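Written out below as structure tokens is the structure these notes cover.
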Amino acid sequence: MTVSVSGQGVESDEAPLLRVLAGERIDPPPVWLMRQAGRYLPEYRALRAKARNFLDFCYTPDMAIEATLQPIRRFGMDAAILFSDILVIADALGAGVSFEEGKGPVLEPVRGIGDLAKLSKSRIAEHCAPVYEAIGSLRSALPDRVALIGFAGGPWTVATYMVEGGSSKDFAQIKRWMWTDPDGFGRLIDLLSEATIEHLIGQVRAGAQCLQLFESWAGVLPEPEFDRWVMVPTRHIVESVRAACPKVPIIGFARAAGAMVDRYAQGTGVRGVGLDAMVPRTQALRLQETVAVQGNLDPVLLLAGGKALTDRARAIVAALADGPHVFNLGHGVLPPTPPEHVEALLAAVRGA
Ligand code: CP3
């Protein structure tokens, strides 16, 4: 399929998402949604009911493939994101991950250097083999214009789950460790960085064409700690993945990091940045001078639907039309979202 580029009449067979990440403007912008596969879809809930638990689902290639393809079939997004989870890497390291119904992830807490001994990155390739198998089949199943996105959590974000033992409100355990024993805590971040590099390269070798780093809890760190525990590891991950896979663009999503997103975009080597719903237009336009931007629509507005949704979607498209832009949400699709709202959103973005 060919897509014309606004203003220039250039045509290309490359997936629109990849072209935007290379710096092109495309009108209308390519669109995909974080958590586009998931509980808001009845076909996902039916598939999920067949799995013993969530991690089994992630490690069963046929199920992961089907969950990845469900939103593409129903809505025709411009990109497919591998169905998996950022905690798969914590599980591969030996952090004892489980997902409990109605409670979210539960992990065996890692609270000091004594607990690091039980973690090892020697098992990643074997542990993640089903994930890479799913990626290979997905790439063959998808049309060329639909880019396949691989992903991982940022080391800081994955560490929050490992140290807190699950989701957290105040991040008291991880912050205490980070401030009282930065060298020891740094060993956990280093281990996670190396594991993340291996996992991302494994996904590219299997067929992923683009990568996203989810640094979902970047926004809870003051500036000096943001630099040390988000900026430095991200730059190392981006440089290492680029050395092995020079053509594969990385999108970094430092959620809720406010003004620090500018530094993150300039200083890490990412080709695109995710924007949460609170990023103002002036900042988004400034970011577009050096990287592609992706996101910004509040997921609760997608849940609400109606004219407010379609008006705001069109306003975001118009505001960001002069630079590289990938349409997405500011965070993942919420489980109670009616699927018809997603349909209406895509139609609005695509000019219907
Ligand atoms: O469609 C996609 O976006 C691809 C699949 C995907 C999932 N999780 C599936 C999932 C992706 C990219 C993720 C990333 C992820 N996982 C993040 C970063 C993005 C974000 O939301 O900030 C984080 C922090 C996690 C960790 C995680 N996974 C939590 C805290 C939970 C429990 C909360 C919840 O929504 O249930 C999960 C479980 C999870 N991951 C589900 C899905 C579809 C729901 C589990 C189920 O179906 O039973």
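As the structure lists them, so they are numbered: ligands from 1, and atoms in each ligand from 1. In this text the structure is predicted, and so the values were computed from the model without any measurement. Residue numbers run from 1 in the order of the sequence given.
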Under 3.5 Å between some N or O of ligand 1 and some N or O of Arg48? yes
Who's the nearest protein heavy-atom neighbour of atom 28 (N) of ligand 1, and how far? Asp85 OD1, 2.7 Å
Shortest protein heavy-atom distance from atom 35 (O) of ligand 1, along with the residue and atom involved: Arg39 NH2, 2.6 Å
Protein residue, atom and distance nearest to atom 32 (C) of ligand 1, heavy-atom basis: Pro105 CD, 3.7 Å
If you measure every N or O of Tyr44 against every N or O of ligand 1, does any of those distances drop under 3.5 Å? yes
May I ask you to check if ligand 1 and Tyr161 share an N or O to N or O distance below 3.5 Å? no
Does a salt bridge link Glu198 with Arg205, judged by any charged N lying under 4.0 Å from a carboxylate O? no
If we number the atoms of ligand 1 from 1 as shown, the ones under 4.0 Å from a heavy atom of His331 are 20 (C), 21 (O), 22 (O)
Starting from atom 12 (C) of ligand 1, find the nearest protein heavy-atom neighbour and note its residue, name and distance. Phe151 CZ, 3.4 Å
Which protein heavy atom lies closest to atom 39 (C) of ligand 1, and at what distance to 0.1 Å? Phe54 CZ, 3.4 Å
Does at least one non-hydrogen atom of Leu82 fall below 4.0 angstrom from an atom of ligand 1? yes
Considering the heavy atoms of Ile81, write down every atom of ligand 1 situated less than 4.0 Å from one of them. 1 (O), 2 (C), 3 (O), 4 (C), 12 (C)
Among all protein heavy atoms in this structure, tell me which lies nearest to atom 3 (O) of ligand 1, with the distance rounded to 0.1 Å. Arg35 N, 2.7 Å
Looking only at protein heavy atoms, which one is nearest to atom 25 (C) of ligand 1, and how far off is it? Ile86 CG1, 3.5 Å
Near Phe214 (heavy-atom distance under 4.0 Å), the atoms of ligand 1 are 12 (C), 18 (C), 19 (C)
Taking side-chain contact (heavy atoms from CB on, under 4.5 Å) as the criterion, tell me which of Leu297, Asp298, Leu302 meets it with Val300. Asp298
side-chain hydrogen bond (donor to acceptor under 3.5 Å, both in side chains) test vs Glu194 passes for just one of His236, His199, Lys121, namely His236
Side-chain donor-acceptor pair present, Glu225, Trp179, cut-off under 3.5 Å: yes
Answer with yes or no after comparing the ring centroid distance for Phe83 and Tyr44 against a 6.0 Å cut-off, counting only values under it. yes
Would you say Glu101 touches ligand 1, if touching means a heavy atom closer than 4.0 Å? no
Going by the order shown, which atoms of ligand 1 are within less than 4.0 Å of some heavy atom of Ser216? 18 (C), 19 (C), 20 (C), 22 (O)
Contact region, Gln212 to ligand 1, non-hydrogen atoms below 4.0 Å, reads neither
Please name all residues satisfying side chain to side chain donor-acceptor pair (under 3.5 Å) with Lys50, sequence neighbours left out, ordered by chain then number. none
Need the ligand 1 atom indices (1-based, order shown) with element for anything under 4.0 Å from a heavy-atom of Phe83. 9 (C), 43 (C)
Check: Trp217 N/O within less than 3.5 Å of ligand 1 N/O: no
Please tabulate, one pair per line, all N/O donor-acceptor pairs under 3.5 Å involving side-chain atoms of residues 101-112, not counting sequence neighbours.
from, atom 1, to, atom 2, distance (Å)
Arg111, NE, Val163, O, 2.7
Arg111, NH2, Val163, O, 3.2
Arg111, NH2, Glu164, O, 3.4

Under 4.0 Å, heavy atoms only, figure out whether ligand 1 is touched by the backbone of Ser84, its side chain, both or neither. backbone
Considering distance alone, does some N or O of Ala37 sit under 3.5 Å from an N or O of ligand 1? yes
Quick one: do Glu14 and Arg145 make a salt bridge, cutoff under 4.0 Å? no
Atom 37 (C) of ligand 1 sits nearest the protein heavy atom Phe99 CE2, 3.4 Å
Are the aromatic rings of Trp229 and Phe185 close, with centres under 6.0 Å apart? yes
side-chain contact (heavy atoms from CB on, under 4.5 Å) partner of Trp32, chosen from Leu346, Leu329, Ile149: Ile149
Is the Phe214 to His331 ring centre distance short of 6.0 Å? no
Quick test of your reading of the model: are Arg263 and Glu223 salt-bridged, counting only N-O distances below 4.0 Å? yes
Same cluster for Met278 and Met260 if Ile/Leu/Val/Met/Phe/Trp/Tyr side chains link at under 4.5 Å? no
